[in-house]
Number of protein chains: 2
Amino acid sequence: MGKPKENAFDLAEYPLFSGLSAEEAREFVAKTKSVIRSYEKGNRILRAYESNAFIGMMLEGRAQIIAEDRFGNESIGHTLERGALFGIVSAILGPDYAFTSVAAKNKTAALLIPYRELLLSGMKLGRVHGIVMKNLLTSFSLKAVLMMQKIELLSHKSLRDRLTLYLIQQSDRQKSDRVTVPSKMQLAKALECNRSALVREISAMSRARLLRCGDDWMELDTSALAKASK
Amino acid sequence: MGKPKENAFDLAEYPLFSGLSAEEAREFVAKTKSVIRSYEKGNRILRAYESNAFIGMMLEGRAQIIAEDRFGNESIGHTLERGALFGIVSAILGPDYAFTSVAAKNKTAALLIPYRELLLSGMKLGRVHGIVMKNLLTSFSLKAVLMMQKIELLSHKSLRDRLTLYLIQQSDRQKSDRVTVPSKMQLAKALECNRSALVREISAMSRARLLRCGDDWMELDTSALAKASK
DNA sequence: ATTATTGTGTTGCTACTGCAACAGGCTTTG
DNA sequence: CAAAGCCTGTTGCAGTAGCAACACAATAAT
């Protein structure tokens, strides 16, 4: 699925290689035997329940994460954008932990780093290896934080609490009280709730002056924040 | 809080050092300037919102994870057992991401590994460093898998679906159809639901022959499994 | 022995929220 | 222009689950 491509990417621009020069990034790729592969729209980049030797990084294009349970039911997850890593868990823990597939949404290119080589190349690569490992840990930690926040969100069952917490989390990330929000449908998906129930609750909170909102933004009233603290 | 202790622990027995000899583990500790500290019952090992330079590993005793939001409300989380790691996210990402405190439940000892030194010691330590990093990534990945499963669990809102999925997850982990379950109160906490509602649902499912259960175990009927697949 | 304390199972009530159906607005397509 | 599609906001209905109160064990503390 896809033939190797010539070195047309400025790897040093990707977060995984942040702190490296273009030269060092090339050295990393060479010494770890990493390869660039391209995929046509619709092709599978990773298959659930199959063993996977690579940590992948999106170079260009977009890909869809697809969770497959053991009965073959698929449910779609995130979209992977440029720079995103994938396949980490299955590369590290093996096929028993490969629950997700990844499929290209466009023409896509990815850098595939053999996990085994990554572990073994510490000596050969020295400082370069250290920087990449640091970036890997950082990216991994960020993902862990996002997951923890999602768990916290889902732990609140009342729709009002969930929305309030969501807005607090987002205003932290966006560094602004006025939060830019996606469409109501997407918002409902993020909150794992019913769309019309969400709209209903937004209306109620607006009427109660707990919330001010426009077409693509929302802002909590300070009195609502106080209530959220309990 | 707590004075350094002499080297009385067989570090090679802990998962983070699995694959190392006792000698190599000691070398790792020395070269990374890791220290062993002990804490009296109730003392804080880590404070939320304070900067933390160390990745910690529980050597003995048990500690409580405490989540603190920005208003000072505390909510208790996991208990850390022997071998567990803590402080990873805050050591890697900095104090902005230090959402949790850790408090000793008993007299406790922990190994504190300076994250900075861990990153810098790759050259000095060679193979030993590689093995520890590998173990760190493995442990991190396992935690990620647990979080993903929890998210999947919480994404099901009906109590019946949640319980069913919980039992499927546990039977995978316990490698048995008959799942050992904690007390109803703890189970309710794991499912983030109301205790009496949980008991009610268990009764209903038992009556409907979807579930067989005893005092400390449960087992799904195969017909319930089929339904869970949709 | 008597008194807490803790986990359990039950039940009635209430309210929240999922669901489905519909109407209005906006854009795209023919 | 008409038709189709998509997102939105509203509403009625029904069912689930949270909550509180209670009774009953089994254990622990006095």
With sequence neighbours left out, what residues match D96(A) under salt bridge (charged side-chain N to carboxylate O under 4.0 Å, His left out)? none
For R62(B), all residues meeting salt bridge (charged side-chain N to carboxylate O under 4.0 Å, His left out), sequence neighbours excluded: E81(B)
Qualifying residues under side-chain hydrogen bond (donor to acceptor under 3.5 Å, both in side chains), relative to D172(A), sequence neighbours excluded: R70(B)
Pairs of donor and acceptor atoms involving the side chains of residues 51-58 of chain B, under 3.5 Å and at least two apart or interchain, shall be tabulated with distances.
from: N52(B); atom 1: OD1; to: F54(B); atom 2: N; distance (Å): 2.9
from: N52(B); atom 1: ND2; to: F54(B); atom 2: O; distance (Å): 3.1
from: N52(B); atom 1: ND2; to: G87(B); atom 2: O; distance (Å): 3.1
from: N52(B); atom 1: ND2; to: S90(B); atom 2: OG; distance (Å): 2.8

Which residues pass the salt bridge (charged side-chain N to carboxylate O under 4.0 Å, His left out) test with R82(A), not counting sequence neighbours? none
Which angle, to the nearest 10 degrees, lies between the helix axes at the two ends of the helix from dA1(C)-dT30(D) to dG30(C)-dC1(D), each defined by five pairs? 30°
Ring pair (Phe, Tyr, Trp, His ring centres under 6.0 Å) involving F86(A) - partner list, sequence neighbours excluded: none
Return the value, rounded to whole Å, for the distance between atom CE of M185(A) and atom C1' of dG5(D). 12 Å
When rounded to whole Å, the CG to P distance for the pair L187(A) and dC7(D) reads 14 Å
Identify all side-chain donor-acceptor contacts of residues 142-153 of chain A below 3.5 Å with residues at least two apart in sequence or on another chain.
from: Q149(A); atom 1: OE1; to: R173(A); atom 2: NE; distance (Å): 3.4
from: Q149(A); atom 1: OE1; to: R173(A); atom 2: NH2; distance (Å): 2.5

Who passes side-chain hydrogen bond (donor to acceptor under 3.5 Å, both in side chains) against Q64(B), sequence neighbours left out? none
Using the test side-chain hydrogen bond (donor to acceptor under 3.5 Å, both in side chains), find all partners of S171(A) that sit at least two apart in sequence or belong to another chain. none
The contact string for nucleotides 13-27 of chain D, one letter per nucleotide 5' to 3', using protein heavy atoms under 4.0 Å with B, S and - for base, sugar-phosphate only and none, comes out as ----BBBB-------
Whole Å only: how far is the CD1 atom of I202(A) from the P atom of dT10(D)? 10 Å
5' to 3' on DNA chain C, which nucleotides open and close the contacts with chain A (atom under 4.0 Å from a heavy atom)? dT17(C) to dA20(C)
For E60(B), is there an ion pair with R37(B) - N to carboxylate O distance below 4.0 angstrom? no
